[in-house]
Amino acid sequence: MMKDWKEQNNGLPASSKTVSERFSAGDILVIMLVLISTILVSLAQVSFKMAWSNSSDPFSHFSKMLLLGLALCTVGAFFFMTALRRKNVTFVIPFMTLSYVWVTFLSAYLFGEIITLTKLMAISLIFTGIFLIFVGGKVRSKMERTTA
Amino acid sequence: MIPIWLAIILVLISGVYGALGPIFMKKGLQRFRLSSLKTYKNIIISVFIYGTSLLPLILALRYADLSLLYPLTALSYVWTAMYSARFLGEEINAYTWAGIAFTVGGVFLIGISVAGI
């Protein structure tokens, strides 16, 4: 069985990637970084939405929420960059679509927006996609290990 | 109002161009050192691309209906994957392509639901 697996991958070119480019225990750290980033970005979008709501002192409320949103965006961007430094684009970028999921839940909770069947389908597609991309990374690193 | 095909082209241009943002970001971050100003170049290019890619989108949204355009923004994830294979040499296997297809489908559906079709 093991021999078959090796023979199957003999034709593959030797990997030119560095160790940090492969799937490793550091993946959990990257996933945490991306998760924090998506949560911050979705909170920023909620602040931008809140900036437009009415209040007793419209201007100061608007500018406060706008600044809060921009600050959240900036911190989120740094988490995103830290993750992207450690992991490839094909992994990190699709993972960022999780922010759409958090925005859907947050806007349901804060603004009473209805989670429709379409939105539920979208959320399940995004989760399935991220799972497949994770599996894809595992498969590749296994192939690289056998060829190395 | 501008013709709808022009609005669609503007959104597609925004996606094809904006998808270069993460590629330059990755290129910049690979060699990034806080003390070396030279390594900031690709990151600055990336931020510039992220910013300016919004211009055609805003222009299209200003003059055309949101409902048709918003789901199309999901396509930018496909361009990003193609660029990272082409310019960064990332290996994309069948699982990853399927995963990208699923996430794009998800963002597309979010776009549809936000647009209220």
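Only a predicted model underlies this, so the values are computations on that prediction, with no experimental measurement involved. Sequence lines set the chain letters: A, B, ... in the order given, protein chains first and strands last, and positions in each chain run from 1.
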A/T82, part contacting chain B, at a heavy-atom distance under 4.5 Å: neither

Over 12 non-hydrogen atoms of neighbours within 6.0 angstrom of OH in B/Y40: yes

Options B/G28, B/G106, B/S84, ranked by heavy-atom pairs under 4.5 Å with chain A, top entry: B/G106

Side-chain donor-acceptor pairs of residues 122-132 of chain A under 3.5 Å, sequence neighbours excluded:
| residue | atom | partner | partner atom | Å |
| --- | --- | --- | --- | --- |
| A/S124 | OG | A/L120 | O | 3.0 |
| A/S124 | OG | A/M121 | O | 2.8 |
| A/T128 | OG1 | A/S124 | O | 2.5 |

Proximal component of B/F87, with respect to chain A [non-hydrogen, under 4.5 Å]: neither

Side chain / backbone / both / neither for B/F32 at chain A, heavy atoms under 4.5 Å: both

Non-neighbouring partners of A/T38 that pass side chain to side chain donor-acceptor pair (under 3.5 Å), sequence neighbours left out: A/W102

Parallel, tilted or perpendicular: rings of A/F91 and A/F134 (30°, 60°): tilted

